[in-house]
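Accompanying notes for the structure given below.
Reminder, nothing fancy here: chain letters follow the sequence lines and each chain counts from 1.
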Protein chains: 2
Amino acid sequence: MVGVSPATVSRALAGTGLVAEPTLSRIRETAAALDYRPNVSARNLRTQRSMAILLVVRDAGNPFYLEVFKGVEAAAREAGYSVLMGNTEDDPVRETEYFAMLGDGHADGMILMTGKLPAPNDTRATGDEPVVVALEMVEGSGYPHVVIDNHAAALSAVNHLIELGHQNIAHITGPLPEPMSQRRMEGYRTAMKLAGLAIREGFEQRGDYLLESGVQCCRALLALPVLPTAIFCANDEMAFGVIGELNRQGVSVPDDVSVVGFDDLFLSAAFQPPLTTVSQPRADIGRQAMTILLSRLSGAAVPDEPVVVATQLKVRGTTAPPKSLTTQHQGRHQ
Amino acid sequence: MVGVSPATVSRALAGTGLVAEPTLSRIRETAAALDYRPNVSARNLRTQRSMAILLVVRDAGNPFYLEVFKGVEAAAREAGYSVLMGNTEDDPVRETEYFAMLGDGHADGMILMTGKLPAPNDTRATGDEPVVVALEMVEGSGYPHVVIDNHAAALSAVNHLIELGHQNIAHITGPLPEPMSQRRMEGYRTAMKLAGLAIREGFEQRGDYLLESGVQCCRALLALPVLPTAIFCANDEMAFGVIGELNRQGVSVPDDVSVVGFDDLFLSAAFQPPLTTVSQPRADIGRQAMTILLSRLSGAAVPDEPVVVATQLKVRGTTAPPKSLTTQHQGRHQ
DNA sequence: TTGTATGCGTTATCAA
DNA sequence: TTGATAACGCATACAA
């Protein structure tokens, strides 16, 4: 040592302000010189905290989660936490595993972005763990939620199409038992109903958020007796599938058919034409979730109502008035 | 307890095979019943390992790294490791921070995907830390590397354009002091040289891997006296910028100008038209890096030559023969 | 095959 | 303002 007790060193380096000036700087200097850093495991054992949080997502390969991660990571860093990323691949076993990591000291808290809890039979989830759910809904769980208003967002997207003059508007849903897909579909239905528009047979196609299902649903739509002039997709990825298929079939976007997505993925604006879509403030969502988790960890109160963050409809190049309208319009003027 | 010493429990749960059968299952059962899990911090302190590795990337917002993460995570999980993701934002301070996390027990090893080491003056990097570098090159560092052959990949991309009949081929580079950008540029130059083609003034534009620089470089290219009929971009993101700008200027891809990218991003194949690009096996790269790191951690030998993983040119919709050729061709037949 | 005892490197309590 | 001391929960060397 430098002639001082370990306790004093600990206090000095922790910045408790309980160490007098001559010693303080001397300790700091020699710590820097020796490149000394307190051992994390020992500290964790002593303090009973790991200063790490777990971000559990459905599919780590989906860029969607990246921006959320960035928000989480930024807020975590500021508070001295590291972020462990967990990937469930929609596997309940994995979910249980990650949940268990809360109990064994791996992490102090968790941000859940999967819609499920571990199987109820062997669940460790009593509802009072330091868990925050982001974007998904774990019904009746008692955890704080950070959400977007999927219903309102879908409604505004469809309204945009209606305002452009579309009447035959189709919808490609997400996987359907899920609340998120359900809400978006209900938003679509509400918008149609409020506008007095009928949803024709086959205009609701069931997708699964993946590109290929966009392609399939688009084919089904094109086989219908009455074709839609606009398609609202429950996410961007399926919208890309739809647009690709439309192009292959010689249908022009947005001249023949308008397409709206949901998510505003990385590069969705760079698409040709740029995709009209609902943008979610993903980094904000991550940051909010982390902030709530931090309050929870510090023993403060957490909101018992879901925190709703605002979405924004980005009107870009894949939506236009329907052809019938533009034709009529041109007709009148010529 | 269940009438047995802590040591026996430890041995039983660790699966050392040193516990007799009647006791073994009894311990396991009661552990399961009590939902007991060994405390991670205590184990880490005792074993002097954290069973965590650190994946440090340049920009966690870039989907490019996601697939690498998946590969790393998969290999890590199999070996019982967790993955901590670090985000440097190209900030040397952060890089030093993450490097320090190796020393303080936060992580046992690190996979570096940034091209730099911490500033040499206060570096902890002596060259024998458990570090594996992936895709980037840290020259003279002594760390094992997992790389792709950027030179050969760029060469094959440009050769593809040459085989299509292009002669005026431009290149948009990455940020230029960096080895990766350098190699790709050299691949471009080699291909041109081998084909006896001249690189015209202004045909090498300097980008920075971001979308906007693709747009800017494209404008510069369009202002040239002789226009290129093909553009090889050092990554997909810039290629998207280029294609967008070409479209805005009324230049058709691939009819007027062919574009080739590099990376094969998520959804690059879903682009309209689908992007011709160099595909890197990102998950494999992550897995390889992690595998090497695991050998290193277990004391085994690591390759002292860079491990090269193969890339693949994905020929899709943004490349075609140059207009002059197709016109001549049509001319002959008409 | 099992139990006993020690120490991993901190932080926190208490006393000085 | 600082020092001595105990304890965090486990894994292991050694003894039984």
Side-chain angles (χ1 to χ4, degrees), chain A residues 1-52 79-82 100-108 124 130 297-299, chain B residues 1-52 79-82 100-108 124 130 297-299:
Chain A
M1 313 285 168
V2 283
V4 72
S5 83
T8 312
V9 175
S10 174
R11 285 188 281 250
L13 265 38
T16 53
L18 297 171
V19 182
E21 194 28 76
T23 12
L24 184 61
S25 26
R26 201 152 46 86
I27 291 176
R28 281 193 180 148
E29 279 166 25
T30 36
L34 266 56
D35 194 28
Y36 167 83
R37 314 198 81 220
N39 180 288
V40 171
S41 299
R43 166 182 296 162
N44 290 349
L45 176 58
R46 179 63 232 236
T47 59
Q48 303 286 58
R49 299 184 310 162
S50 63
M51 293 307 280
Y81 281 81
S82 331
M101 288 174 70
L102 270 191
D104 68 14
H106 255 108
D108 297 336
R124 280 96 179 154
L297 289 175
S298 68
Chain B
M1 314 287 167
V2 284
V4 73
S5 82
T8 311
V9 176
S10 173
R11 286 188 279 249
L13 265 38
T16 52
L18 296 171
V19 182
E21 193 30 73
T23 13
L24 183 62
S25 27
R26 200 153 47 87
I27 291 176
R28 282 193 180 147
E29 280 166 25
T30 35
L34 267 54
D35 195 27
Y36 167 81
R37 314 198 80 220
N39 180 287
V40 171
S41 299
R43 165 183 297 162
N44 290 349
L45 176 58
R46 178 62 231 241
T47 60
Q48 304 287 55
R49 300 182 310 162
S50 63
M51 294 309 279
Y81 281 81
S82 335
M101 288 174 70
L102 270 191
D104 68 14
H106 255 109
D108 297 336
R124 279 95 180 157
L297 289 175
S298 68

Review point. Nucleotide range of DNA chain C contacted by chain B, 5' to 3', under 4.0 Å to a heavy atom?
Key: dT1(C) to dG9(C)
Review point. Excluding sequence neighbours, so at least two apart, what forms side-chain contact (heavy atoms from CB on, under 4.5 Å) with T30(A)?
Key: V2(A)
**Study point:** Nearest non-hydrogen partners of S82(A) and M101(B), listed with the distance
**Key:** OG-CE, 4.1 Å
Study note, to complete from the structure: Residues passing the side-chain hydrogen bond (donor to acceptor under 3.5 Å, both in side chains) test with D108(B), sequence neighbours excluded, are S50(B)
Practice item. Give the angle between the helix axes at the two ends of the helix from dT1(C)-dA16(D) to dA16(C)-dT1(D), taking five base pairs at each end and rounding to 10°. Key: 30°
Exercise for review: Would you give a per-nucleotide map of nucleotides 8-16 of chain D, 5' to 3', where B means the base has a protein non-hydrogen atom under 4.0 Å away, S means only the sugar-phosphate does, and - means neither?
Suggested key: BBBBBB---
Point to revise | For DNA chain D, the residues among residues 18-28 of chain A that have a non-hydrogen atom under 4.0 Å from it | key: L18(A), V19(A), A20(A), T23(A)
Practice item. Answer yes or no: is there a side-chain heavy-atom contact under 4.5 Å between N44(B) and N44(A)? Key: no
Check your understanding: Of the non-hydrogen atoms in P38(A) and D104(B), which two are nearest, and what is the gap between them?
Key -> O-CB, 3.8 Å
Practice item. Would you name the heavy atoms of M51(B) and A79(B) that are closest together and state the gap between them? Key: CE-O, 3.9 Å
Side-chain donor/acceptor pairs under 3.5 Å, residues 15-23 of chain B, sequence neighbours excluded:
unit_1	atom_1	unit_2	atom_2	d
T16(B)	OG1	R11(B)	O	3.2
E21(B)	OE2	S25(B)	OG	2.7
T23(B)	OG1	A20(B)	O	3.1

**Study point:** Spacing of CZ belonging to R43(B) relative to CG belonging to L45(A), to within rounding of 0.5 Å
**Key:** 12.5 Å
Exercise for review: Mind checking the CG-CD spacing from N39(A) to Q48(B)? Nearest 0.5 Å is all I need.
Suggested key: 6.5 Å
Practice item. Could you tell me the separation between the CZ atom of R49(A) and the OH atom of Y81(A), rounded to the nearest 0.5 Å? Key: 5.0 Å
**Study point:** Non-neighbouring partners of S10(B) that pass side-chain hydrogen bond (donor to acceptor under 3.5 Å, both in side chains), sequence neighbours left out
**Key:** none
Point to revise | By side-chain hydrogen bond (donor to acceptor under 3.5 Å, both in side chains) - contacts of T8(A) (at least two apart) | key: S5(A)
